[in-house]
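For reference, the structure discussed in these notes is given below.
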Amino acid sequence: MAISLGSIADDYTGASDLANTLTKNGLRTVQTVGIPDPSLALPEVDAMVVSLKIRSVPASEAVTAATEAERWLRQQGAAHVLYKICSTFDSTDAGNIGPVTAALSEAAGGGAVLVTPAFPETGRTVYLGHLFVGGQPLNESPLKDHPLNPMHDANLVRVLARQSRGAVGLIDLAAIAAGPAAAKAKLDALGRTGVTMAIADAICERDLETLGEIALETPVSTGASGLGLGLARALVRSGRISGSAAGENIIRPVGGLSAIIAGSCSKATLRQLDVAERSMPVLRLDPERLLTAGPDEIAAAISWAGDRISAGPVVVAASAAPESVSRLQSQYGRETSGHAIETATSIIAAELVEKGVRRLVVAGGETSGAAVDKLAIPAFLIGPEIAAGVPVLRTIGNRQGDMLLALKSGNFGGDDFFAAALAMMR
Ligand SMILES: Nc1ncnc2c1ncn2[C@@H]1O[C@H](COP(=O)(O)OP(=O)(O)O)[C@@H](O)[C@H]1O
Ligand SMILES: O=C(O)[C@@H](O)C(=O)COP(=O)(O)O
């Protein structure tokens with residue numbers, strides 16, 4: 001049966017965040033890792049989210065991967081494709097939100113594309129084109145110190161314009177509050193003046209419902225989980241799907257050992273690690289040694305974990321505070337450090353799975369992408385929510401047998417997230 005909604009997510013935690021929102025709002029959803037092999041048996045669903053790792057790669061690579069995924073989603077029947085970006089608009093002036101959105105729009109025949117990272121449930125709101133994170137302007141929030149995409153401008157019309165060849169416009173809150181017809185009229189009017197992408201304000205779920213309704217009338221939109229909520233509710237309201245997604249069976253026990261791998265340096269993850277340290281063994285990797293003596297530091301971590309893991313969950317973390325991150329980056333380069341650390345944490349995750357781990361929590365978007373790729377997991381079913389934006393995932397077609405995972409976006413989750421996640425994964 002044809003799907004109603006397709007999505008391309010620019011990282012794997014973002015994909016599970018969106019899949020969680022779609023499921024909670026009534027869409028049977030599956031998360032694939034890249035375009036799945038045709039031999040992979042997937043259940044019948046309303047929505048598919050293709051996870052890609054294209055947030056921080058060169059724009060041309062991101063465009064190629066996203067347009068291939070778009071083609072595949074259209075073949076599955078998707079009339080609308082949502083490009084899932086981060087709710088904190090993580091990107092650089094060199095891309096990738098602008099170029100990918102433009103390419104997806106062109107593939108679908110053109111027209112102005114609605115763009116909004118608003119996700120009020122996690123404190124991301126957009127007003128007059130400015131993004132607020134927990135009430136702080138983006139450029140004053142912890143995102144100013146992100147290791148890969150530091151965000152220094154809260155004005156998204158300006159940020160997106162720097163990444164785009166076409167003109168960027170704004171659908172302001174006044175137009176959205178006036179309802180779907182007024183908001184659509186504004187989008188169409190902007191399109192007639194040559195605008196190719198329009199940042200849309202949204203501060204509450206009602207705004208997202210309006211935006212979902214108008215986005216559904218177009219072939220492509222770009223946004224975070226909030227726009228996913230709007231699209232899912234619009235689909236259910238339209239009667240095109242029954243709206244009866246259920247995740248109860250997905251967390252039936254898998255047994256095995258459990259572990260947590262962290263590569264996120266976000267404020268939330270750093271706090272969660274401090275809290276975990278009170279109840280579980282936590283190994284703090286030496287990031288500099290990962291760059292200079294990688295194999296030895298990795299082997300030492302695997303041996304440390306091997307000595308403890310049969311007694312209970314262990315945590316292995318590369319995460320560090322902004323000052324240490326910038327020290328390392330100024331010595332070895334941003335990309336080199338990020339890549340070396342992701343490679344190390346993914347090898348450690350894979351070795352722990354070899355040792356019998358079947359319940360795995362990974363903190364960090366890039367970190368999760370590297371770990372899931374190393375484990376070669378093809379797809380996930382979506383289980384219940386652990387914290388806003390983070391569901392329990394059950395593997396589909398995994399060569400090590402069924403596993404439960406949680407892929408935690410760096411900024412998500414309460415202080416006790418790690419214990420809360422493991423308590424839901426048996
Ligand atoms: N101590 C560290 N110093 C520098 N970079 C680090 C350190 N620890 C992790 N990293 C890198 O920082 C990046 C964090 O990104 P990501 O995993 O996406 O986390 P988040 O979800 O918080 O954005 C990854 O590339 C990771 O390898
Ligand atoms: O939209 C969001 O905030 C998340 O889904 C997301 O994409 C976060 O990215 P990472 O913090 O890199 O995991």
Side-chain angles (χ1 to χ4, degrees), residues 7 9-21 31 49 51-57 82-91 97 116-119 121-124 131 133-134 138 141-143 145-151 222-229 261-270 272-273 284-291 316-346 348 362-372 387-391 406-413:
S7 176
D10 70 353
D11 81 347
Y12 294 20
T13 46
S16 73
D17 165 18
L18 175 67
N20 175 56
T21 295
Q31 174 182 350
V49 182
S51 334
L52 298 179
K53 194 171 184 295
I54 58 169
R55 187 173 291 172
S56 307
V57 303
L82 167 66
Y83 179 42
K84 162 67 178 70
I85 56 164
C86 190
S87 64
T88 49
F89 219 74
D90 295 16
S91 53
I97 298 173
T116 188
F119 187 17
E121 193 187 345
T122 54
R124 277 64 157 166
L131 175 58
V133 178
L138 177 65
S141 78
L143 273 298
D145 298 316
H146 190 276
L148 303 175
N149 306 296
M151 300 304 289
T222 293
S225 260
L227 189 53
L229 173 150
I261 302 287
S264 158
C265 299
S266 79
K267 228 174 175 171
T269 303
L270 296 177
Q272 289 156 356
L273 287 168
R284 306 277 185 169
L285 296 166
D286 180 336
E288 182 154 16
R289 272 187 56 78
L290 285 177
L291 280 133
V316 178
S319 319
E323 314 78 60
S324 324
V325 171
S326 43
R327 235 187 348 264
L328 196 77
Q329 290 183 338
S330 56
Q331 200 168 347
Y332 298 96
R334 174 173 291 169
E335 270 181 35
T336 307
S337 328
H339 183 72
I341 295 172
E342 284 164 37
T343 304
T345 46
S346 71
I348 295 167
V362 188
E366 300 294 330
T367 309
S368 294
V372 168
V390 197
L407 306 179
K408 190 196 80 76
S409 289
N411 296 294
F412 287 175

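Remember, it's 1-based here, ligands and their atoms both numbered in the order they're listed.
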Quick one: does ligand 2 sit under 4.0 Å from the side chain of D11, the backbone, both or neither, non-hydrogen atoms only? side chain
Pick one of side chain, backbone, both or neither for how D11 approaches ligand 1, counting any non-hydrogen atom pair under 4.0 Å. neither
Any sub-3.5 Å donor-acceptor pair from Q272's side-chain atoms to G413's backbone N or O? yes
Examine ligand 1 and decide if any of its atoms is less than 4.0 Å from a heavy atom belonging to R55. no
Pull out every atom of ligand 1 sitting under 4.0 Å from any heavy atom of P147, numbered as shown with elements. 12 (O)
Test item: side-chain donor near acceptor, Q329 and S337, under 3.5 Å: no
Assess the side chains of N411 and S409: does a donor N or O sit below 3.5 Å from an acceptor N or O? no
Close-contact set for ligand 2 against C86 heavy atoms, below 4.0 Å: 1 (O), 2 (C), 3 (O), 6 (C), 7 (O), 8 (C), 9 (O)
Close-contact set for ligand 2 against G410 heavy atoms, below 4.0 Å: 10 (P), 11 (O), 13 (O)
Check: G333 main-chain N/O paired with T336 side-chain donor or acceptor under 3.5 Å: no
Test of proximity, G365 against ligand 2: N or O pairs below 3.5 Å: yes
Checking contacts here: is it the side chain or the backbone of F412 that comes within 4.0 Å of ligand 2, counting heavy atoms only? Could be both or neither. side chain
Between E366 and ligand 2, which residue portion shows a heavy-atom distance shorter than 4.0 Å: side chain, backbone, both, or neither? neither
Protein heavy atom at shortest distance from atom 27 (O) of ligand 1: G338 O, 3.0 Å
Counting both backbone and side chain atoms, is some N or O of A363 under 3.5 Å from an N or O of ligand 1? no
Closest protein heavy atom (residue, atom, distance) for atom 13 (O) of ligand 2: T13 OG1, 2.6 Å
For the student: nearest non-hydrogen atoms of L82 and S7, plus distance: O-OG, 2.9 Å
Report yes or no: does T13 contribute a side-chain atom to a donor-acceptor pair with the main-chain N or O of L407 at less than 3.5 Å? no
Go through the structure and list residues passing side chain to side chain contact (heavy atoms under 4.5 Å, CB included) with S56, not counting sequence neighbours. L148, N149, E366
Distance from atom 1 (N) of ligand 1 to nearest protein heavy atom, with residue and atom: A318 O, 3.0 Å
Take M151 and T88 through the test side chain to side chain contact (heavy atoms under 4.5 Å, CB included) and record every step on the way to the result. CA-CA 8 Å; M151 300 304 289; T88 49; 5.6 Å; no
Heavy atom of the protein closest to atom 3 (N) of ligand 1 (residue, atom name, distance): L328 CD2, 3.5 Å
Against heavy atoms of C265, which atoms of ligand 1 measure under 4.0 Å? 6 (C), 7 (C), 8 (N), 9 (C), 10 (N)
Closest non-hydrogen protein atom to atom 5 (N) of ligand 1, residue and atom name please, with distance? I341 CD1, 3.7 Å
S87 side chain vs A224 backbone, donor-acceptor pair below 3.5 Å: no
Quick test of your reading of the structure: of G14, G263, S368, S266, whose heavy atom lies closest to atom 10 (N) of ligand 1? G263
Any idea which heavy atoms bring S368 and K408 closest together, and the distance? OG-N, 4.4 Å
Between the side chain of T269 and the main-chain N/O of C265, is any donor-acceptor distance below 3.5 Å? no
To which protein heavy atom is atom 17 (O) of ligand 1 closest, and what is the distance rounded to 0.1 Å? T367 OG1, 2.6 Å
Any idea which protein heavy atom is nearest atom 22 (O) of ligand 1, and the distance to it? S264 OG, 2.8 Å
Could you check whether any side-chain N or O of S319 sits under 3.5 Å from a backbone N or O of L270, counting only pairs where one atom can act as donor and the other as acceptor? no
Taking every heavy atom of K84 against every heavy atom of S225, the minimum-distance pair comes out as CE-N, 3.9 Å
K84 heavy atoms within 4.0 Å reach ligand 2 at atoms 1 (O), 2 (C), 4 (C), 5 (O), 6 (C), 7 (O)
Relative to the heavy atoms of P287, which atoms of ligand 1 are at a distance of less than 4.0 Å? 1 (N)
Considering non-hydrogen atoms of the protein only, which is the closest contact for atom 24 (C) of ligand 1, and what is the distance? E342 OE2, 3.5 Å
Using a 4.0 Å cut-off to any heavy atom of D17, which atoms of ligand 2 qualify? 1 (O), 2 (C), 4 (C), 5 (O)
Check S264 against G364 and note the closest heavy-atom contact, atom names and distance. CB-CA, 3.6 Å
Please confirm whether S324 approaches ligand 1 to less than 4.0 Å, judged on its heavy atoms. no
Taking atom 9 (O) of ligand 2 as the reference point, the nearest protein heavy atom with its distance: R55 NH1, 2.8 Å
Is the side chain of R55 donor-acceptor paired with the backbone N or O of I85 at a distance under 3.5 Å, no angle test? no
Sub-4.0 Å atoms of ligand 2 with respect to non-hydrogen atoms of S87: 1 (O), 2 (C), 3 (O)
the protein heavy atom lying closest to atom 23 (O) of ligand 1 turns out to be H146 NE2, 2.5 Å
Taking atom 4 (C) of ligand 1 as the point of reference, which of V362, T88, V325 owns the nearest heavy atom? V325
Donor + acceptor pair across side chains of Y12, Q31 (<3.5 Å): no
